[in-house]
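I have placed the structure first, in the form of structure tokens, so that the comments after it can refer back to it.
Predicted model, so just to flag it, every value in this text is computed and none were measured. A note on names: the letters A, B, ... follow the listed sequences, proteins ahead of strands, and every chain is numbered from 1.
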Amino acid sequence: MRVYLCSRMSKKVRVRFAPSPTGGLHLGGVRTVLYNYLFAKKYGGDFLVRIEDTDQSRYVKGAEEYIFDTLKWCGLEPDESVQHGGNYGPYRQSERKATYRQYAEQLIKDGHAYYAFDTPEDLEKMRQNFKTEQNTSPQYDNNIRIKMRNSLTLSADETEKLLAEGTKHVIRIKIPLNETVSFTDMIRGEVSFDTSVVDDKVLLKADGMPTYHLAVVVDDYLMKISHAFRGEEWLPSAPVHILLWKYLFGLENMPQWAHFPLILGPNGKLSKRDGAKYGFPVFAMNWTDPKTNELTEGFKEKGFLPEAFINLLALLGWNDGTEQEIFTKEELVEKFSMERVHSAGAKFDYEKAKWFNHEWIKKSGVGSLKSGVKTLLEQKGIVFTKDFLLDEVINIVKDRCTFLTDFVPQSLFFFRAPQTLDVDGVKPKWNEDKKNFFFAYIEKLEGNINWNVVSLENSFKELASEKSIKPGDLLFLFRMMLVGGKFGPPVFNIAELLGKTETIARINKAIILFG
RNA sequence: GGCCCGUUCGUCUAAGGGUUAGGACACCACCCUUUCACGGUGGUGAUACGAGUUCGAAUCUCGUACGGGCUACCA
């Protein structure tokens, strides 16, 4: 286990999550939020959300709202964001455009960046021309840049002229030759890169928008971020960011980094496709792609409790070293530590995810389940006149529910008599003796009986032995009458909750149907 | 191809040089339950491979293999 002390913990902890509004928030995204959130809350710091919408071509309408809806459902609301206010706005990168240009120009002035006038076609040609067996995808690096059209190869006059004419151009970082860039990752320890293999990344695009590389550094600085956490897919571009920090704001001001392991699907990095392919949700909530109108079911709609969702996500790559697996959000805040986050990727296991939800449903009280269950049942046309029955029903069936949606089949029959009875399935087990038994049982029920589980069961069994019928055969029939299927809580508990009138009515109705 | 990160039961993981390598999910068996479940008990099952360091290696080092990520004017 690695322990890297947070050397700048004296500084107020401020972390950020920076989603790009290009689609639904998937497991990996929510876990990144979660870890950021837990870390911030553990140290009494701020959790900030800003929107990376600098790629307008991929911007998806509604995605930004969707992201905040997800955070809300998960209970991971930021302290600062577009929607929550704060003193470091604007929180959308598209609204900060002017700021980035200023820093990019600064870099050029200091000799750490340059203008590049190459067109996309030029770049394509370059990739073709310099492609070799050893180097299948040539980079715009210190070897190539001297062969391209940029302010390093052009004379100052030419450059001036091109700029004055408004020629389309980008600003690229000038990666130094033969330097080692290293930094300490809170999860992985020291990670280092040789600059000779890092390319001259575009910092400012031709449309004036920054790329992620420039924006993340500038925003983290201006928003006073103390700890920068993101997914492992960003590790290869870390040297670019370290260099930018060095050139622009000083390494002593740089946040502490941590790169989270990837959440993997059955085949590598979890993708949206995996959900459809393997039959489990990948997004926190339902997401409808506005372009294709394709709906991807979310964990919420599948019937996951938000408490279970963040619990299972937290444990995908982290544990507290004990055998505890069920954690409330408060416990996670208290026990979370970046040093215990794994460095290896974790494969998502839907079976285990279901187990977490099941545990949470069992653990939850009626109070926290009620409104969700009520909504689901109301969608099935149930009208509630007396809530106390619902309370009792939730208590009695929750142990058999894995998903919140399981409450529907498990409790619908309490509120509505079974619509169809499996008459053909019952017929072989039905005869005059049994019919007489149930007529007699109705008589007993209508008599002076205490309406509780014990009396109902005792009188049922007494009657059965009087009539010399095996209770097992009758119990099955009784269940079919009340429930309409081979499932549900003990049948006398059901009868007790159903009440006298309804129980007798269902028996009568079934007798007629069975003939 | 290059660079980076990684590798303990099928999956999530514990074990910080000395453990019969522990737990959870899943699976199997039994018990409980006149339904379906829950629950209980038990079982199958792992240190990728090869060297080195050491009295002693899952643990430290190196190599190999395998997996993943990145290699865009995407994030």
Give a yes/no answer on whether the side chain of A:T54 brings an N or O atom under 4.0 Å of OP1 or OP2 in B:A75.
yes
Between A:D200 and A:K174 (salt bridge meaning N to carboxylate O under 4.0 Å), is one present in this structure?
no
Over 60° means perpendicular and under 30° means parallel, so tell me whether A:F304 and A:F309 are parallel, tilted or perpendicular.
perpendicular
Using a 4.0 Å heavy-atom cut-off across all strands, classify A:H259 as base, sugar-phosphate, or nothing.
nothing
Base, sugar-phosphate or nothing for A:V170? Non-hydrogen atoms, less than 4.0 Å.
base
Salt bridge (Lys or Arg N to Asp or Glu O under 4.0 Å) against A:E392, all qualifying residues, sequence neighbours excluded:
none
Categorize A:A344 for me: base, sugar-phosphate, or nothing, with a 4.0 angstrom heavy-atom threshold over every strand shown.
sugar-phosphate
Please report, rounded to the nearest Å, how far the P atom of B:C38 is from the CH2 atom of A:W360.
20 Å
Answer with yes or no whether the side chains of A:D55 and A:Y212 bring together a donor and an acceptor at under 3.5 Å.
no
Scanning both residues in full, the closest heavy-atom pair of A:V30 with A:A284 reads CG2-CB, 4.0 Å
Aromatic contact, A:F327 with A:W360 (centres under 6.0 Å)
no
Quick check on contacts: within residues 15-28 of chain A, what sits under 4.0 Å from RNA chain B by heavy-atom distance?
A:S20
More than 12 heavy atoms from other groups under 6.0 Å of OH on A:Y221:
no
Qualifying residue, where the test is side-chain hydrogen bond (donor to acceptor under 3.5 Å, both in side chains) with A:E95 and the options are A:R92, A:Q93, A:K97
A:R92
Taking only heavy atoms on the protein side, list every residue of residues 476-483 of chain A lying under 4.0 Å from any atom of RNA chain B, sorted numerically.
A:R479
Under-4.0 Å side-chain N/O to phosphate OP1/OP2 contact, A:H342 with B:U13
yes
In whole angstrom, what separates A:L235's CG from B:C5's P?
7 Å
Position toward the 5' end of RNA chain B (nearest nucleotide), A:G472 or A:S192:
A:S192
Of the nucleotides B:G39, B:C74, B:C4, which has the atom closest to the A:K362 side chain?
B:G39
With a non-hydrogen cut-off below 4.0 angstrom, is A:K347 in contact with a base, only sugar-phosphate, or nothing?
sugar-phosphate
Under 6.0 Å between ring centres: does that hold for A:Y441 and A:F478?
yes
Tell me, with the steps shown, if A:K467 and A:D433 meet salt bridge (Lys or Arg N to Asp or Glu O under 4.0 Å).
CA-CA 8 Å; A:K467 305 232 173 221; A:D433 287 350; over 6 Å; no
A:A206 has its side chain closest, among B:C74, B:U35, B:C73, to B:C73
Taking atom C1' in both B:G10 and B:C27, compute the distance separating them and give it to the nearest angstrom.
10 Å
Minimum-distance nucleotide (side-chain atoms of A:D55 versus B:C74, B:C73, B:C4)
B:C74
Determine whether more than 12 heavy atoms belonging to other residues, nucleotides or ligands lie under 6.0 Å from atom CZ of A:R273.
no
Lys/Arg-Asp/Glu bridge criterion (N-O < 4.0 Å) met for A:D199, A:K201
yes
Please report the closest heavy-atom contact between A:K363 and A:T328, naming both atoms and the distance.
NZ-CG2, 4.2 Å
Between the side chains of A:H259 and A:R188, is a donor N or O closer than 3.5 angstrom to an acceptor N or O?
no
Which way is the base of B:C38 turned, syn or anti, if we draw the line at 90° from 0?
syn
Write down the partner of B:U7 under the Watson-Crick or G-U wobble criteria, each distance required to be under 3.5 Å.
B:A65
Using atom NZ of A:K201 as one end and atom C1' of B:C74 as the other, report the distance to the nearest whole Å.
11 Å
Partner of B:C70 by Watson-Crick or G-U wobble geometry, both contacts under 3.5 Å, or none?
B:G2
Measure OH/A:Y140 against C1'/B:C3 and give the value in whole Å, please.
21 Å
Parallel, tilted or perpendicular: rings of A:F283 and A:W287 (30°, 60°):
perpendicular
Applying a 4.0 Å non-hydrogen cut-off, can you work out what A:L123 is touching in the nucleic acid: base, sugar-phosphate, or nothing?
base
B/S/- contact track for nucleotides 19-27 of chain B, protein heavy atom under 4.0 Å
---SSBB--
Aromatic centroids of A:F403 and A:F299 separated by under 6.0 Å:
no
Mind checking A:D473 for me? I need base, sugar-phosphate or nothing, with any heavy atom below 4.0 Å counting as a touch.
nothing
Just checking A:P261: base, sugar-phosphate only, or nothing, at a heavy-atom cut-off of under 4.0 Å?
nothing
Can you build the contact string for nucleotides 58-68 of chain B? Use B for base contact, S for sugar-phosphate-only contact, and - for no protein heavy atom under 4.0 Å.
----------S
What is the ring orientation for A:F413 with A:F487, classed by angle as parallel under 30°, tilted 30 to 60°, or perpendicular over 60°?
perpendicular
Per the under-4.0 Å heavy-atom filter, residues of residues 413-421 of chain A near RNA chain B come out as none
Length of the NZ-P vector between A:K429 and B:U34, whole Å:
17 Å
For A:I326 and B:C12, give me the distance from atom CD1 to atom C1', rounded to whole Å.
13 Å
Between A:E179 and A:K246, does any NZ, NE, NH1 or NH2 come within less than 4.0 Å of an OD or OE carboxylate oxygen?
yes
The Watson-Crick or G-U wobble partner of B:A14, with both key distances under 3.5 Å, is none
Considering only side-chain heavy atoms of A:E52, which listed nucleotide, B:A75, B:C38, B:U71, is closest?
B:A75
Distance, rounded to the nearest Å, where A:Q56 contributes CD and B:A72 contributes P
22 Å
Taking the inter-plane angle between the rings of A:F229 and A:F260 on a 0 to 90° scale, is it parallel (under 30°), tilted (30 to 60°) or perpendicular (over 60°)?
tilted
Measuring to OP1 and OP2 of B:C12, would you say a side-chain N or O of A:N319 lies under 4.0 angstrom away?
no
Taking CG from A:L313 and P from B:U11, how many angstroms apart are they, rounded to a whole number?
20 Å
Tell me the partner of B:A57, counting only Watson-Crick (N1-N3 plus N6-O4 or O6-N4) or G-U wobble (N1-O2 and O6-N3) with both under 3.5 Å; none if nothing fits.
none
Between A:E233 and A:L475, just flag the one whose closest nucleotide in RNA chain B comes earlier from the 5' side.
A:L475
State the pairing partner of B:G39; accept Watson-Crick or G-U wobble contacts with both distances under 3.5 Å, and report none otherwise.
B:C31
Non-hydrogen atoms of A:P261 and A:V341 that approach each other most closely:
CD-CG1, 3.8 Å
Just N and O in the side chain of A:R340: are any of them under 4.0 Å from OP1 or OP2 of B:A14?
yes
Name the nucleic acid region contacted by A:R127, choosing base, sugar-phosphate or nothing; use a 4.0 angstrom heavy-atom cut-off, strictly under.
sugar-phosphate
For A:V191, answer base if it contacts any base atom (sugar-phosphate contacts may also be present), sugar-phosphate if it contacts only those atoms, and nothing otherwise; contact means non-hydrogen atoms under 4.0 Å.
sugar-phosphate
Just to be sure I understand the rule, does A:G317 reach a base, reach only the sugar-phosphate, or reach nothing, if contact means heavy atoms closer than 4.0 Å?
sugar-phosphate
